Trainee: 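Provided herewith is a single structure, encoded as structure tokens, for subsequent inquiry.
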Amino acid sequence: MTQKLVIIGAGMASGRVIETLVETAPDVFDITLFNAEPRGNYNRIMLSPVLSGEKSYEDIVTHGDDWYAQHRVTCRFGEHVVKIDPERKVVEGQNGPVSYDKLVIATGSAPFIIPVPGKDLPSVITYRDLDDTNAMIETAEKGGTAVVIGGGLLGLEAAAGLAERGMAVTVVHLMGHLMERQLDEAAGYLLRKDLEKRGITIRTQASTKAIIGKDRAEAVVLESGENPVCRSGGHGCRHPPRDAAGDGCGP
Ligand SMILES: Cc1cc2nc3c(=O)[nH]c(=O)nc-3n(C[C@H](O)[C@H](O)[C@H](O)COP(=O)(O)OP(=O)(O)OC[C@H]3O[C@@H](n4cnc5c(N)ncnc54)[C@H](O)[C@@H]3O)c2cc1C
């Protein structure tokens, strides 16, 4: 008799789980797959080539609609699971409940946003999924400046992609050198030089105090009081942004 398997999250981990199950135990489970994103599994680590324009979303899809249909996976995409009742063995999706015999929770992680004033302003974008990537691409189409807070792997991939799309990018990093979890100071220095050659401005030992703007994020203010996007006044600038795009400094 088939067992009802519910999987929450159609990401990298559950993609592999389902592949293995359909290969090794094809008739054992009747699978229902929930995903908060309105799509199935794609190769999340390839979002950066999508951001930079080297690849399209279609290039990085790992499991398309046909694949799920072929393996009789019931897809509930664009639907959050909001409750799990382990006593009754039922999960509640936004569009209704599903009972299960076995449950896999593969919901990944949520991006951390530094708790500074202005963090909820429109145009503050996290980097986790395709919607974030598309939001950055749409923003980059208008040109202007971008500040990337965080000079770790994801921040630098975002910075490189936005620069590739023509934005003037400044990376604001809290620590003394880039990617300090992976690189020593010398390697961090070489990486910085390479990024600067691509036109990206790097500010290390720079702590973000606030994100400011009226209807959208227009500038970042550092603990030192500086506006790191200043082009006219150099790194010591404390001017407010010159225009609504946060582009450069006012007089
Ligand atoms: C741009 C980028 C580059 C990366 N590069 C690398 C790399 O080079 N090397 C590396 O090792 N890792 C990299 N990572 C990290 C890697 O992508 C993650 O570690 C991996 O995707 C985690 O897989 P997962 O299946 O646990 O979660 P995810 O792939 O995040 O999938 C989880 C899914 O669950 C869904 N979900 C969450 N909550 C619910 C809910 N309540 N109901 C329904 N669905 C829900 C989410 O919408 C999501 O689609 C990168 C990540 C990003 C964003």
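Remember, it's a predicted structure, so these values are computed and weren't measured experimentally. When a ligand or atom number is given, it counts from 1 through the structure's own listing order.
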Trainee: Considering only heavy atoms of Ile8, which atoms of ligand 1 have at least one such atom less than 4.0 Å away?
Mentor: 40 (C), 42 (N), 43 (C)
Trainee: Return the closest protein heavy atom for atom 23 (O) of ligand 1 as residue, atom name and distance.
Mentor: Met12 CB, 3.6 Å
Trainee: Considering the options Ile8, Val81, Val98, which one meets the side-chain contact (heavy atoms from CB on, under 4.5 Å) requirement together with Arg76?
Mentor: Val98
Trainee: Give a yes or no on whether Ile84 and Val6 share a hydrophobic cluster (residues Ile, Leu, Val, Met, Phe, Trp, Tyr; joining criterion: side-chain heavy atoms under 4.5 Å apart).
Mentor: yes
Trainee: What atoms in ligand 1 come closer than 4.0 Å to a heavy atom of Val81?
Mentor: 40 (C), 41 (N), 42 (N), 43 (C)
Trainee: For atom 41 (N) of ligand 1, is there a protein heavy atom at a distance under 4.0 Å?
Mentor: yes
Trainee: Please write down residue, atom name and distance for the protein heavy atom closest to atom 46 (C) of ligand 1.
Mentor: Asn35 OD1, 3.8 Å
Trainee: Could you check which of Gly161, Ala36, Gly93 puts a non-hydrogen atom nearest to atom 44 (N) of ligand 1?
Mentor: Ala36
Trainee: Just checking, is any N or O donor in the side chain of Tyr127 or Ser48 under 3.5 Å from an acceptor N or O on the other one?
Mentor: yes
Trainee: Atom 38 (N) of ligand 1: which of Leu153, Thr107, Asp131 has the nearest heavy atom?
Mentor: Thr107
Trainee: Side chain, backbone, both or neither: which part of Ala106 has a heavy atom under 4.0 Å from ligand 1?
Mentor: backbone
Trainee: Identify which one of Val17, Leu33, Ile31, Ile18 satisfies the side-chain contact (heavy atoms from CB on, under 4.5 Å) criterion when paired with Leu5.
Mentor: Ile31
Trainee: Whether the side chain of Arg44 engages the backbone of Arg128 through a donor-acceptor N/O pair (distance < 3.5 Å, no angle test) should be reported.
Mentor: yes
Trainee: With a 3.5 Å distance limit and no angle check, can you tell me whether Asp30 reaches the backbone of Lys4 through a side-chain donor-acceptor pair?
Mentor: no
Trainee: Give the residue and atom name of whichever protein heavy atom lies nearest to atom 29 (O) of ligand 1, and the separation in Å to one decimal.
Mentor: Arg44 NE, 2.8 Å
Trainee: Specify the protein heavy atom at minimum distance from atom 26 (O) of ligand 1: its residue, its atom name, and the distance to 0.1 Å.
Mentor: Gly108 CA, 3.6 Å
Trainee: For the OH atom on Tyr57, are there more than 12 heavy atoms of other groups (residues, nucleotides or ligands in this structure) within a distance under 6.0 Å?
Mentor: yes
Trainee: Can you sort out which atoms of ligand 1 are near Glu37, meaning under 4.0 Å from one of its heavy atoms?
Mentor: 47 (O), 48 (C), 49 (O)
Trainee: Mark the output for Met46 as yes if a heavy-atom distance to ligand 1 is under 4.0 Å, and as no if none is.
Mentor: no
Trainee: Classify the side-chain pair Asn41/Thr62 by whether it contains a donor and acceptor separated by less than 3.5 Å.
Mentor: yes
Trainee: Among Leu154, Asp129, Ile45, which residue places a heavy atom closest to atom 52 (C) of ligand 1?
Mentor: Leu154
Trainee: What residue and heavy atom of the protein are closest to atom 18 (C) of ligand 1, and at what distance?
Mentor: Arg128 NH2, 4.0 Å
Trainee: Could you tell me whether atom 12 (N) of ligand 1 has at least one protein heavy atom nearer than 4.0 Å?
Mentor: yes
Trainee: Under a 4.0 Å N-O cut-off, is there an ion pair linking Asp129 with Arg39?
Mentor: no
Trainee: Note the single closest protein heavy atom to atom 25 (O) of ligand 1, along with its residue, its atom name and the distance in Å.
Mentor: Ala13 N, 2.7 Å
Trainee: Identify, by atom number and element, the atoms of ligand 1 in contact range of Tyr127, meaning under 4.0 Å from any of its heavy atoms.
Mentor: 1 (C), 53 (C)
Trainee: Given 3.5 Å as the limit, does a donor-acceptor pair link the side chain of Ser14 with the main chain of Gly9, or not?
Mentor: yes
Trainee: Hydrophobic cluster membership, with links at side-chain heavy-atom distances under 4.5 Å among I/L/V/M/F/W/Y: are Trp67 and Met46 in one?
Mentor: no
Trainee: Please report which non-hydrogen protein atom sits nearest to atom 34 (O) of ligand 1, along with the residue it belongs to and the distance in Å to one decimal place.
Mentor: Gly9 CA, 3.2 Å
Trainee: By number and element, which atoms of ligand 1 are closer than 4.0 Å to a non-hydrogen atom of Glu79?
Mentor: 43 (C)
Trainee: Quick check on Asp215: does its CG atom have over 12 non-hydrogen neighbours (other residues, nucleotides or ligands) under 6.0 Å away?
Mentor: no
